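In this text, all values refer to a predicted model and were calculated from it rather than measured experimentally. Throughout, a chain's letter reflects where its sequence line sits, starting with A, and its residues are numbered from 1.
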Amino acid sequence: MPRVRFAPSPTGYLHIGSARTFIFNWLFTRKNNGTMILRIDDTDIDRNTETSLQSIYDGLNWLGLGWDEHYRQSERLDLHRRQALAIFEKGLAYRDFTPAHAGADDDERKSAWLFNPGMPDLPREESDRRAAAGEPFVLRFKVPRGTGRVIRFADGVYGEQEKDADDVEDFALLRSSGLPTYHMASCADDADLRITNIIRGQDHLSNTFKHILLFEAMDAPAPEVAHLPLLIAPDGSKLSKRRHGPVVSVTTYRDAGFLPHTYVNFLCLLGWSPKDNREQMTRQELLDAFSLAGVNRANAVVNFTEADPIDPKALWLNSQHLRAWPVEELIPLVAAALTAAGLTPPGDAAKFGHTIEVLRSRFASLLDFAGRGRPYFSDEFEMQPDAAAKLDVPQARELLRELGARLEKAPEYTEASVESTLRELAAEKGVKAGVLINGARAALTGQTAGPSAFAVFDCVGRDRAVARLRNL
RNA sequence: GGCGCUAUCGUCUAAGGGUUAGGACGAAGCCCUCUCAAGGCUUAAAUACGGGUUCGAAUCCCGUUAGCGCUACCA
């Protein structure tokens, strides 16, 4: 049974790229009857925050996919340290007493990137003596350079990979503070948690060569790896909080009124394809279609502008799901959107559902229900100028008030009965039905655009409709 | 600089030796229509560049260019 992990570090909010990595991990796991592990990689005590951790949980919970096991690296530091020391005892790592490169410029670093002179070959006695004397050091892995060693692995997306050990630098395992580095903590945990498959961003592709070496040093089997192309900005640069602001956060989409599943679906389409032209897919369809073979190798651009942080395709996808989603599942989501906007959701679930059905084909976001949909849920709404103009034609107000009066007295009030009442009135007065129809929509909603006027009557209800006509 | 990865319409992608290079978003137009949507139809829009290999290359190989990643006591 596959054991798969998603390992975010809590140094910011849940990033759109992280969310996608999580989703792909989740799909892979569920598809293969595996165990999904959420591991918080919080070994960088200087940059980790509790609010960031919370926003990651919030984001993941919003996606609604879930996980099976949960760990925090900060609670497992002993394990990492023990593994690092074991590697050291095997002679596969060494203490590097060189002070941190505080002011080292680029040229200097690049000319001496492999290791700090003298340190790999420091005699054990001297190393022990200096360590015992309290001299700070980082523990570095001793990469087998000059041995002709070629490190190889097969990536699930990028295929066969190889690199000369000569091209790998002596990376750190333990910092001078004694805390493990990412590489050490990650591999020690992957080994300890018996992770079988790693699916992560392509930024780790080069790191994998180091990790292969580490797994060997720990006598642990290396998990299978698959790397995902990165999500990038329209200008080709990496998505970053500093440069691109909130577009990189999943909360942007949540707050824009997206269905959680739309976001999942949208993210799946960035760097992956079912190969059969399908785009709008249910969770089950994604599960059925998902395969690492369908993952692309080129980075994918998230299409946004400063003016509009939402990718147009994502918005379209949301409108599609909004249309197809079971109304009963939509009700709580729309209710939440209404409440958030200070409106009161209708108590009658059947009528509420009907109104949602009437409106949703012209909405793209849950927010639209409280925005353009406001007149359907509240008596306080604005009369748009073009709607007012519709009412300012000769006789319009007078006829609509008359219509209101007739509807108030009518024996029944349904879409069909309203229609016949309206058409009778139009015929009687010798005006085109369209004048009354469009006028009624304007009067009832303050808008010229919207559902069929008769559906509007139905949704708004008799009392409100009559009142709105009377008050013209 | 070194090493690695990548390159099809503006964007997401399909086509893994033989296609008029397909679909979707977005854009434009038409149909439908009580308005607006939805829906249907149509149009514009791409194989980065240069060499090979081959009867035949978007597809395989090499080079160039560009982008991205790693090269931290970040992850």
Side-chain angles (χ1 to χ4, degrees), chain A residues 7-11 41-44 46-48 96 98-101 104 106-107 109-111 113-114 136-140 155 157-158 161-164 166-169 171-183 185-186 201-210 227 229-230 232 234-238 266 269-280 294 296-304 311-317 319 323 359-364 372 386-387 390 419 422 432-442 445 447-454 456:
Chain A
S9 59
T11 55
D41 279 11
D42 54 354
T43 54
D44 184 1
D46 295 332
R47 297 202 306 156
N48 295 159
D96 179 352
T98 312
H101 282 228
D106 272 11
D107 291 345
R109 250 200 20 230
K110 274 160 187 164
S111 60
W113 65 275
L114 289 172
F137 62 86
V138 301
L139 191 69
R140 287 186 188 281
D155 187 272
V157 170
Y158 289 90
Q161 304 292 316
E162 62 170 61
K163 188 173 194 167
D164 282 339
D166 290 3
D167 291 321
V168 180
E169 77 283 4
F171 54 97
L173 266 25
L174 250 31
R175 311 174 220 216
S176 52
S177 63
L179 288 171
T181 61
Y182 159 74
H183 300 299
S186 178
Q202 194 240 44
D203 46 343
H204 287 296
L205 190 62
S206 315
N207 286 333
T208 306
F209 296 103
K210 296 171 194 168
H227 289 86
L230 264 22
I232 57 176
D235 67 357
S237 67
K238 191 177 174 177
F266 172 65
L269 263 18
L270 256 24
W272 173 83
S273 159
K275 310 271 187 195
D276 58 8
N277 286 342
R278 277 183 300 166
E279 303 207 287
Q280 181 196 355
N296 204 355
R297 282 175 300 279
N299 292 345
V301 172
V302 182
N303 204 1
F304 63 85
D311 190 310
K313 191 151 192 171
L315 197 61
W316 167 80
L317 203 52
S319 73
R323 214 155 287 150
L359 290 172
R360 65 175 170 178
S361 75
R362 60 212 84 212
F363 287 174
R372 283 186 288 152
D386 56 346
K390 278 259 191 297
E419 175 159 10
L422 183 146
K432 283 196 288 188
V435 174
L436 282 181
I437 289 171
N438 292 322
R441 183 185 300 101
T445 67
Q447 301 167 4
T448 55
S452 153
F454 306 115
V456 175

task: Give a yes or no on whether a donor-acceptor pair under 3.5 Å exists between the nucleobase atoms of B:C70, that is its base, and the side chain of A:Ser206.
output: no
task: Could you give the distance separating B:A24 and B:G40 at their P atoms, to the nearest angstrom?
output: 9 Å
message: Base, sugar-phosphate or nothing for A:Lys210? Non-hydrogen atoms, less than 4.0 Å.
response: sugar-phosphate
message: Counting the atoms with a prime plus P, OP1 and OP2 as sugar-phosphate, which does A:Thr11 contact under 4.0 Å by heavy atoms, base, sugar-phosphate, or nothing?
response: nothing
- prompt: Are there more than 12 heavy atoms of other residues, nucleotides or ligands under 6.0 Å from atom NZ of A:Lys163?
  reply: yes
- request: Using a heavy-atom cut-off of under 4.0 Å over every strand shown, decide if A:Pro8 touches base, sugar-phosphate, or nothing.
  value: nothing
- request: Would you classify A:Ser9 as touching base, sugar-phosphate or nothing, given that sugar-phosphate means primed atoms plus P, OP1 and OP2, and contacts are heavy atoms under 4.0 Å?
  value: sugar-phosphate
message: Contact between A:Asp96 and A:Phe137 at the side-chain level, heavy atoms closer than 4.5 Å - yes or no?
response: no
field: Complementary nucleotide of B:U6, counting Watson-Crick and G-U pairs under 3.5 Å
entry: B:A66
task: Indicate, with a heavy-atom threshold strictly under 4.0 Å, whether A:Phe266 touches base, sugar-phosphate, or nothing.
output: nothing
message: Looking at A:Arg140, I'd like to know whether one of its side-chain N or O atoms comes within less than 4.0 Å of OP1 or OP2 on B:C73.
response: yes
- line: Scanning all shown strands, the Watson-Crick or wobble mate of B:C41 with both distances under 3.5 Å is B:G29
- request: To the nearest Å, give me how far apart CD1 (A:Ile232) and P (B:G67) are.
  value: 12 Å
field: Residue matched to B:C55 through Watson-Crick or wobble contacts both under 3.5 angstrom
entry: B:G18
message: Under 3.5 Å, is there any donor-acceptor pair linking the side chain of A:Lys275 to the base of B:A14?
response: no
message: At 4.0 Å (heavy atoms only), tell me whether A:Ala172 reaches a base, stays on the sugar-phosphate, or touches nothing.
response: sugar-phosphate
query: With a non-hydrogen cut-off below 4.0 angstrom, is A:His204 in contact with a base, only sugar-phosphate, or nothing?
result: base
Donor-acceptor pair, side chain of A:Ser9 and main chain of A:Thr11, under 3.5 angstrom: no
task: May I ask you to verify whether the side chain of A:Arg362 and the base of B:C36 hold a donor-acceptor pair under 3.5 Å?
output: yes
message: By the 4.0 Å heavy-atom rule, please label A:Gly236 as base, sugar-phosphate, or nothing.
response: sugar-phosphate
field: is_close_aromatic(A:Phe209, A:His204), centroid dist under 6.0 Å
entry: no
- request: Using both distances under 3.5 Å as the test, list the Watson-Crick or G-U wobble partner of B:A24, or none.
  value: B:U11
query: Do A:Arg441 and B:C34 have a side chain to base donor-acceptor pair shorter than 3.5 Å?
result: yes
- prompt: Between the base of B:C68 and the side chain of A:Lys238, is there any donor-acceptor pair under 3.5 Å?
  reply: no
message: Check this one for me: any side-chain N or O of A:Ser273 less than 4.0 Å away from OP1 or OP2 of B:C12?
response: no
query: If you measure from the P atom in B:U47 to the same atom in B:C9, how many Å do you get, rounded?
result: 7 Å
Under-3.5 Å donor-acceptor pair between A:Asp276 side chain and B:A14 base: no
- prompt: Is a donor-acceptor contact shorter than 3.5 angstrom present between the side chain of A:Asn277 and the base of B:G22?
  reply: yes
message: Mind checking if A:Gly201 touches a base, just sugar-phosphate, or nothing, with heavy atoms under 4.0 Å?
response: nothing
message: What contact category does A:Asn207 fall into here, base, sugar-phosphate, or nothing, at under 4.0 angstrom with non-hydrogen atoms?
response: base
query: What is the pairing partner of B:G1, taking Watson-Crick or G-U wobble pairs with both distances under 3.5 Å in any strand?
result: B:U71
- prompt: Does a salt bridge link A:Arg140 with A:Glu169, judged by any charged N lying under 4.0 Å from a carboxylate O?
  reply: no
message: Under 4.0 Å, counting only non-hydrogen atoms across every strand here, what does A:Thr181 touch: a base, just sugar-phosphate, or nothing?
response: sugar-phosphate
- prompt: If you check the A:Asp167 side chain, which of B:C34, B:A75, B:G2 turns out closest?
  reply: B:G2
query: Is the distance from OP1 or OP2 of B:C5 to the nearest side-chain N or O of A:Gln161 less than 4.0 Å?
result: yes
query: Any side-chain N or O of A:Arg278 less than 4.0 Å from the OP1 or OP2 oxygen of B:A24?
result: no
- prompt: Is the phosphate of B:C74, meaning OP1 or OP2, less than 4.0 Å from a side-chain N or O of A:Arg47?
  reply: no
Minimum side-chain heavy-atom gap A:Lys313-A:Asn303 below 4.5 Å: no
message: Any non-hydrogen side-chain atom of A:Gln202 less than 4.5 Å from a side-chain atom of A:Tyr158?
response: yes
query: So what does A:Asp311 touch, heavy atoms closer than 4.0 Å: a base, only the sugar-phosphate, or nothing?
result: nothing
